[in-house]
Each structure stands twice: as structure tokens, then as C-alpha cells.
Amino acid sequence: MQILKGNTEPYPILPCAATIGCFDGVHRGHRFLIDQVYDVARARGLKSAFITFPVHPRVVMQADYQPELLSCLQQKIDLISQLEADYCILLPFTRELSQLSAREFMEFLHNKYRVEVLVIGYDHRFGHNRSEGFEEYCQYGKELGIEVIQAKALVENGNSISSSLIRSLLKEGQVEEANHYLGYCYYLDGTIVNGYKVGRKLGFPTANLLPSCDDKLVPAEGVYAVYAYINGTRYPAMLNIGHRPTVNNGSDRSIEAHIIDFHEGIYNKQMRIEFITRLRKEKKFDSLDELVKQLNIDKERISQILR
């Protein structure tokens, strides 16, 4: 796949069938859409293209908007690169672009990126006037020489697989179901930083994760069975997300992993946390002894889950 950045350079793109969207998380619904684009492209002797934005459009339009992303830009590019498409076009979203009508935007795609077939996601709308929909897109396509096709949605258990559905599951701590819809395990990347070292005193030293992307969604507070990746090696781990109420951590949220049977010094190293399942909510214990007792129970359960 060829990754193309920006919208000012004269890219040597061959005529293509394309789809466009934020594609946050590049989940199974997105892959289902891309498969449709790929099939249409091959049937018409065209290349296939995946047009997305480096920055969420609402961030450009609303200065105070705080996105809760499933994938930051580099993560999204890594996921997109695994798909069977010829081009991934990273189109910078600007206020000027937002002012284009749907017809003007389609004309831009046709002239700039040689889009001859536009596959529209089942619920996707674009252009300054969002009241326009698929029928109008088809009419504009006839005028511009673009074939417009409406994609099918991927539906399971009565749910159309979407980024908003997956976000809601992660916010509830339902990481197993979220992983099912993603098609991979949800993860956080970041740097291991110094913490309060309370876990070490309790016999459970932790690696405190500072996420590399401030805008990426952190799942619900609680205790999780996870895999920790350090220097390409995978380790079973117990993760706590929360405010550590038993030790009066205050309002600071921590993301700390106790890597099972691991004793190396890893401060300032990069770590990826891959979520497998949630064991329980975070709770306040009456004493540190009760906390340690529960941590041992959690560790045993996680060892069984991840063995």
C-alpha cells in the first residue's frame, strides 16, 4: 500500500475506486467496507483507495473538542497498512475544505485523486450541507463522471459495527466485546514512568504507563488481565486503571501494570498494553492487608486466564 500525505502535491495516482471517512480504530466494519471497495475496483480495472484524515475534523472545527480516539494517527496508519488497498490518502481537513458543498468535494476528489467510483459508507455524509445524502451524491456523480455506490453495513447481533459502539463498550469496561468488534485487542502505547512506588512496598511492583497519545480513549476504571509488550516481548500482566482509593492517590488517574514474575528495570522504556478482559471495578479496601489479599486473588485469576 502506498501512503500519500497532503493535498497539494501532484500525486501520480491511477484512476481508482475510493471510500472516505475518519476510520477511527480501523475496526471490522471498516475492513468490511474496504473489502467492498477492493472488489469494486478489481471488477472495473481500477486501483483501490482509502481516504482518511490525519486529524479528526471536529478538532479543526471545534477548538475545545476532546476526541476519544480508538487509534491515533500512527496507530491508524499501521492498521490501514495491513489492509488490501492500493492507496491510503491522508487528506488534511481544513476549514476551507469544510466549506465545500458535497458536489464541490466530489469534484475535488475526482480531479485531485482521480476517483472514478466513490463507495459511500452506509451512514456517511459529507459536504458543508449535511442534509444531502445518497440520492444527491448519485446525481452529482452523474454530472461529474463518478459512479456512486452505497456500501453494505456489517451487522452482528443486531448491531452495526461502528466506532461509537466500540467506544461505548470500552467506557463500560467490556473489552472482550470491544475486541470482537475491533478484530484485534484494544491497546495503549506509552512510556513507563516513575510512580509513587506503593505497589513495590506491597509486593506488587508496577510499571506506570504514560500514554503516548493524550486523545486516545482509556477504558473504564478497574482491574484487567492484559499483555504487556516491552522490547517486542510479551508478558502476562495485571493492570489497574483508576485513582487507587485505598492508598489515597487523590484525583490523579493512574494506569499501572504489575507484570507477573518480572523483575527487570524498565523505567523510560516503551510499553504496549493489550487488553484481554476486565476482572472487576476498582474499590476502596478497609486496609492495606485486605488490598494485598485481593491483589493475590486477582493475580491468580489472571495467571489462569493468560496461561
Side-chain angles (χ1 to χ4, degrees), residues 1-6 18-35 37-38 48-62 65-85 87-93 121 123-124 151 153-154 156 159-191 209-220 224 226-229 232 234 239 241 255 257 270-276 278:
M1 179 185 292
Q2 188 175 359
I3 308 293
L4 306 175
K5 300 180 180 180
T19 190
I20 186 166
C22 289
F23 303 111
D24 186 25
V26 195
H27 53 66
R28 289 176 51 223
H30 295 143
R31 296 176 201 186
F32 184 67
L33 171 58
I34 290 298
D35 285 344
V37 174
Y38 184 83
S48 55
F50 190 114
I51 304 173
T52 190
F53 308 107
V55 177
H56 196 289
R58 285 186 64 183
V59 173
V60 177
M61 302 305 295
Q62 299 173 236
Y65 177 66
Q66 297 291 321
E68 295 178 301
L69 300 176
L70 301 177
S71 56
C72 295
L73 178 58
Q74 188 55 55
Q75 295 169 348
K76 181 160 69 170
I77 291 173
D78 292 343
L79 290 164
I80 288 171
S81 298
Q82 300 170 17
L83 304 181
E84 195 168 24
Y87 305 124
C88 171
I89 299 168
L90 298 176
L91 173 61
F93 190 86
D123 62 347
H124 188 65
L154 181 58
E156 283 189 5
N159 294 317
S160 295
I161 297 178
S162 67
S163 300
S164 58
L165 170 64
I166 295 168
R167 282 190 205 99
S168 67
L169 291 169
L170 291 171
K171 287 181 178 181
E172 295 169 0
Q174 299 182 43
V175 294
E176 288 182 80
E177 192 170 354
N179 290 345
H180 172 72
Y181 290 130
L182 282 167
Y184 58 88
C185 292
Y186 189 70
Y187 60 89
L188 295 174
D189 288 330
T191 304
L209 183 74
L210 178 64
S212 56
C213 177
D214 291 338
D215 292 330
K216 187 159 183 178
L217 187 152
V218 175
Y224 294 84
V226 303
Y227 284 112
Y229 289 81
R234 187 179 79 170
L239 183 78
I241 299 174
I255 305 170
Q270 296 299 301
M271 178 169 67
R272 169 171 293 187
I273 293 295
E274 190 175 85
F275 290 82
I276 305 302
R278 187 188 192 209

Quiz item: Can the positive tip of Arg272 be found less than 6.0 Å from the middle of the six-membered ring of Tyr229, inside 45° of the ring normal?
Solution: no
Quiz item: Rounded to the nearest 0.5 Å, how far apart are CG of Leu165 and OH of Tyr181?
Solution: 6.0 Å
Self-check item: Value rounded to 0.5 Å, distance of CG in Asp214 from SG in Cys72
Solution: 8.5 Å
Test applied, side chain to side chain contact (heavy atoms under 4.5 Å, CB included); reference residue, [X]; option that passes from [options]:
X      : options                : result
Asp215 : Leu73, Leu69, Val55    : Leu69
Tyr186 : Leu170, Leu169, Ile166 : Leu170
Leu90  : Ile51, Ile80, Ile77    : Ile77

Can you classify the ring geometry of [X] versus [Y] as parallel (below 30°), tilted (30 to 60°) or perpendicular (above 60°)?
X      : Y      : answer
Phe275 : Tyr224 : perpendicular
His27  : His30  : parallel
Phe53  : Phe93  : perpendicular

Exercise. Output yes when Glu156 and Arg28 qualify as a salt bridge under the 4.0 Å nitrogen-oxygen rule, no when they do not.
Key: yes
Quiz item: Between Lys216 and Asp189, is there a salt bridge with N-O shorter than 4.0 Å?
Solution: no
Would you say the side-chain atoms of [X] pair up with the backbone N or O of [Y], donor to acceptor, closer than 3.5 Å?
X      : Y      : answer
Lys171 : Val218 : no
Thr191 : Leu210 : no
Ser48  : Tyr38  : no
Ser160 : Ala153 : no
Arg167 : Leu70  : no

Is the closest side-chain heavy-atom distance between [X] and [Y] below 4.5 Å?
X      : Y      : result
Phe50  : Ile20  : no
Leu239 : Tyr227 : no
Cys185 : Ile276 : yes
Cys22  : His56  : yes
Val26  : Lys76  : yes
Ile3   : Tyr87  : no

